[in-house]
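Everything below concerns the one structure shown next.
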Number of protein chains: 2
Amino acid sequence: MDVHSRDLRYFVAVAEELHFTRAAERLFISQPALSKQIRLLEKALGADLFERDRRAVALTEAGRTLLPQARRMLEVWDEAQAALARLEAARGARLVIGMSTSPGRGGMLPAIRSRFAAEFPQAKLELRQLPWQDPTAGLADATSDLAFIWLPVPDAERYRWLVMATEPRHVALPLGHPLATRDTVKLADLLDEPFLALPESAGPLRAYWLALDERAERPPRIGAVVHNPDETYEALVDGRGLCLVAAGNAPLLTRGDVVTRPVTDVAPSRLVLAWRAEDTRPLVRGYASAAAKLAEGRN
Amino acid sequence: MDVHSRDLRYFVAVAEELHFTRAAERLFISQPALSKQIRLLEKALGADLFERDRRAVALTEAGRTLLPQARRMLEVWDEAQAALARLEAARGARLVIGMSTSPGRGGMLPAIRSRFAAEFPQAKLELRQLPWQDPTAGLADATSDLAFIWLPVPDAERYRWLVMATEPRHVALPLGHPLATRDTVKLADLLDEPFLALPESAGPLRAYWLALDERAERPPRIGAVVHNPDETYEALVDGRGLCLVAAGNAPLLTRGDVVTRPVTDVAPSRLVLAWRAEDTRPLVRGYASAAAKLAEGRN
DNA sequence: CACGTCCATAGCCGATGGTTATCACAGAAG
DNA sequence: CTTCTGTGATAACCATCGGCTATGGACGTG
C-alpha cells in the first residue's frame with residue numbers, strides 16, 4: 001500500500017491536536033477535507049486511528065502505533081530533501097532574497113542567514129532591495145527566490161508565506177504637523193489629510209496602506225506616489241502628505257524632521273517571508289524553514 | 001514539499017533498471033505514465049534525477065543522493081505497516097485463505113505459513129476448500145481474504161495477485177483410454193473427445209480449461225460439469241470425459257484408474273495467490289509478502 | 001429548551017495519474 | 001543509404017482524487 005506524506009502530516013497534526021477543526025486550521029485546509037482524508041487513510045489501513053467520541057478525539061492503539069512511524073517517515077523525507085538542498089548548495093546554487101523594505105527588526109536577516117548557513121554552508125545568498133512597483137519584491141517575475149514583503153500579497157494562491165512579524169501601524173508625519181504633538185492618533189483624524197500612496201501596480205497593497213477598507217465612504221486624497229523609503233522621506237518633509245507605516249519600519253523614516261505616531265484603530269500589518277508556491281526546490285524550503293525556526297523562537 | 005510513496009517506488013525502480021520501459025513493466029504501468037511521474041518528481045525537487053542519453057539512462061548526482069533516502073522511506077513505511085499488521089494479529093485477527101484446489105506442490109502452504117507466522121506469530125490462519133462454482137475461491141463475496149486460484153481471474157481489475165507456480169497442462173484420462181498408452185499428446189488429439197467442464201459460473205476460467213481459445217473452430221463436447229476434485233475423479237473413471245489439469249494437480253486425480261499425460265501444445269497454467277485490490281489491510285499484505293519471498297526463493 | 005460546538009455527509013470542481021496512439025531519434029540490419 | 005527496431009517523450013483523453021462550501025446531527029451548556 002502506498003501513502004502520501006501529506007496524509008501522514010495530516011494524521012500527525014490531528015494526533016497532536018486531538019481536534020479536527022484545530023488541526024485543519026493548522027494545516028490550512030477545511031475541516032471536512034481533513035476528516036475525509038483521515039477516513040480514507042483509516043480505510044486504506046483497515047484500522048481506525050482515532051476514536052471520535054462526539055466531544056473528544058483520542059488515538060486508538062493503531063493510532064498510537066502509527067504515530068511514531070509517521071513522524072519518522074516525515075523526518076526521513078525532510079532529511080532527504082535537506083540532502084538534495086546541500087547538493088544544490090555544493091554546486092554553487094544561489095538564492096536571491098528580495099525585499100520591499102529592509103526587514104531590520106533587530107537583526108532578523110543575519111539571524112536567518114546564520115541558521116541557514118549552518119545547514120547549507122556552501123549556499124550563496126544575495127539580497128536585493130526592490131522598488132515598490134512590485135509588491136512581490138521580485139517573486140512575480142522570478143528575479144527573486146524568496147522575498148520579505150507585506151500582506152496582502154496579490155495573486156495570493158501563487159505564493160506561500162510565513163508571517164515574520166505582526167506590528168501595529170503608525171502614521172508618519174513631518175515634525176511641524178499639528179498631529180505630531182499627539183501621543184497616538186485615530187484613523188478618523190487622518191481621513192482629510194493627503195496621503196502618500198504606493199504605485200497603482202502595487203494593487204491591493206496600495207489599498208491596504210491607504211486603509212481603504214477602514215475609511216468607509218471617504219476616499220483618500222493622494223498627495224504623491226512613492227516608490228522607496230527615500231522618496232517617502234522626502235515627500236514627508238516636503239509636506240506633500242503623510243502615510244501609514246509599520247512600527248518596525250518607523251526607523252527608516254524618522255531620521256530628521258519626521259516622526260511617527262501609533263494609529264490605534266487600524267489592523268496591524270504583517271511582514272512575511274514569501275516564495276512561489278510551485279517553487280519546491282529544497283534549498284528554497286531550507287531558507288524558509290530556517291526563518292520558521294527563528295519566527296517560532298520569537299513568538 | 002510532499003511526496004507519494006508511489007513516486008519513490010517508481011524512482012527506485014527506474015534507478016534499479018536504468019531503463020524506463022522495463023521499469024514500467026515491473027511496476028505494471030505504462031511507460032508514458034512512468035516517464036511523466038518521474039518528470040513531475042524531478043520538477044517538484046527542482047533537480048534532474050536521471051540523465052537520459054537516447055540510448056542510456058543514468059543516475060545524476062541528485063539521483064544518487066536521493067536513492068538511498070527513497071529506499072529508507074519505503075523501508076520505514078513497510079515497517080510501519082508491519083507494526084500495524086502485528087497489532088491486528090495481536091488482537092486476534094484471522095485470515096481466511098480460500099483455495100480452488102489444494103496448492104500442494106511440495107509443502108508450499110506450510111512454507112508460507114511458517115514464514116508468515118515468524119513475522120505475525122499471533123495471527124490465525126484458516127484454510128478453506130471451495131467448490132469450483134466460484135473461480136475466485138471466496139474473494140468475490142469476501143468470505144476469503146486471500147485465495148489460491150488459477151488465471152484467468154474474472155473481473156481482473158478487482159484483484160491483485162502473485163504468480164506462485166507456472167506449470168504445463170496435462171490431460172487426465174481413464175487408464176483404459178487409447179491415448180493412455182502415449183507418453184505425450186497434442187491438443188489436436190483431444191478435440192473430438194468429450195470434456196469435463198467447470199460450471200458456467202466459472203466464466204473465463206471454464207473457457208480456459210476447455211482450451212476454447214486454442215481449439216479454433218471446434219467447440220468442445222461437454223461430457224459432464226464438475227465442481228471439485230472428487231467429482232472429477234469419478235467422472236473420469238466413469239468415462240464421461242477427460243479434462244486438462246495443471247501438472248501440479250495431477251496427484252489429486254491419479255489415485256487409481258486415472259493417468260495424466262502432458263499436452264505439449266497448450267499454454268501453461270498459472271496458479272496465483274490473489275486478494276482483493278481494495279483490501280489494503282497490512283495483515284493481508286503481510287501474508288502476500290511472505291508468499292512473495294517464497295516464490296522468489298523458488299525462481 | 002435553545003444554542004453552540006464539532007465531526008460527518010453531500011455535491012461540486014479542478015488537478016492528478018493513469019491510459020492509448022504517435023512521434024523523434026539513434027543504432028543495427030539489409 | 002534506406003529501413004527496421006528499440007527507446008523515451010508528447011498528446012489527447014478519462015476516471016479518480018483532494019480540495020471546497022453548505023448542511024446535518026449529536027451532544028453539552030446556559
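Note on naming: letters A, B, ... go to the chains in the order of the sequence lines (proteins, then strands), and numbering restarts at 1 for each one.
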**Asked** Which pair of non-hydrogen atoms, one from B:Phe11 and one from B:Ala70, has the smallest distance, and what is that distance?
**Response** CD2-CB, 3.9 Å
**Asked** Where do A:Leu66 and B:Ala80 come nearest, in terms of heavy atoms and distance?
**Response** CD1-CB, 4.2 Å
**Short side-chain N/O contact from B:Thr21 to OP1 or OP2 of D:dG8, under 4.0 Å** = yes
**Within residues 2-13 of chain A, residues whose heavy atoms come under 4.0 Å of DNA chain D** = A:Arg6, A:Tyr10
**Item:** Pairs flagged by ring-ring contact (aromatic ring centres under 6.0 Å, His included) wherever residues 72-99 of chain A is involved - sequence neighbours left out
**Value:** none
**Item:** Value in whole Å for how far the C1' atom of C:dT5 lies from CZ of A:Arg22
**Value:** 11 Å
**Asked** Once you round it to whole Å, what is the distance between P of D:dC20 and CD of A:Gln37?
**Response** 10 Å
**Prompt:** Tell me: CD1 of B:Ile29 to C1' of C:dT20, nearest whole Å?
**Reply:** 14 Å
**Item:** Euclidean distance, B:Glu16 CD relative to B:Arg71 CZ, rounded to 0.5 Å
**Value:** 4.5 Å
**Asked** Just how far, in rounded Å, is P of D:dG6 from NE2 of B:His19?
**Response** 10 Å
**Message:** Check this for me, if you would: do B:Arg39 and B:Glu42 make a salt bridge, where the nitrogen-to-carboxylate-oxygen distance has to be below 4.0 angstrom?
**Reply:** yes
**Complete:** Heavy-atom nearest pair, B:Met164 first then B:Leu273, reads CG-N, 3.7 Å
**Prompt:** Just by protein heavy atoms under 4.0 Å, how would nucleotides 9-16 of chain D read 5' to 3' in B, S and -?
**Reply:** BB------
**Request:** Measure the distance from NZ on B:Lys43 to C1' on C:dA15 and round it to the nearest whole Å.
**Result:** 12 Å
**Request:** Evaluate salt bridge (Lys or Arg N to Asp or Glu O under 4.0 Å) for A:Glu79 paired with B:Arg72, printing each intermediate quantity in order.
**Result:** CA-CA 11 Å; A:Glu79 180 43 42; B:Arg72 228 163 98 59; over 6 Å; no
**Asked** In terms of side-chain heavy atoms, does A:Ser35 have a donor or acceptor partner in A:Gln31 at a distance below 3.5 Å?
**Response** yes
**Message:** Minimum heavy-atom separation for B:Asp134 and B:Ser100, please, with both atom names.
**Reply:** O-OG, 4.4 Å
**Request:** Rounded off to whole Å, could you give me the CD-to-P distance for the B:Glu157 and C:dG17 pair?
**Result:** 22 Å
**Touch class at under 4.0 angstrom, heavy-atom based, for A:Ser30 against every strand present** = base
**Prompt:** In whole angstroms, how far is the C1' atom of C:dC6 from the CZ atom of A:Phe50?
**Reply:** 15 Å
**Request:** Mind calculating the distance between CG (B:Leu34) and C1' (C:dT20) to the nearest angstrom?
**Result:** 16 Å
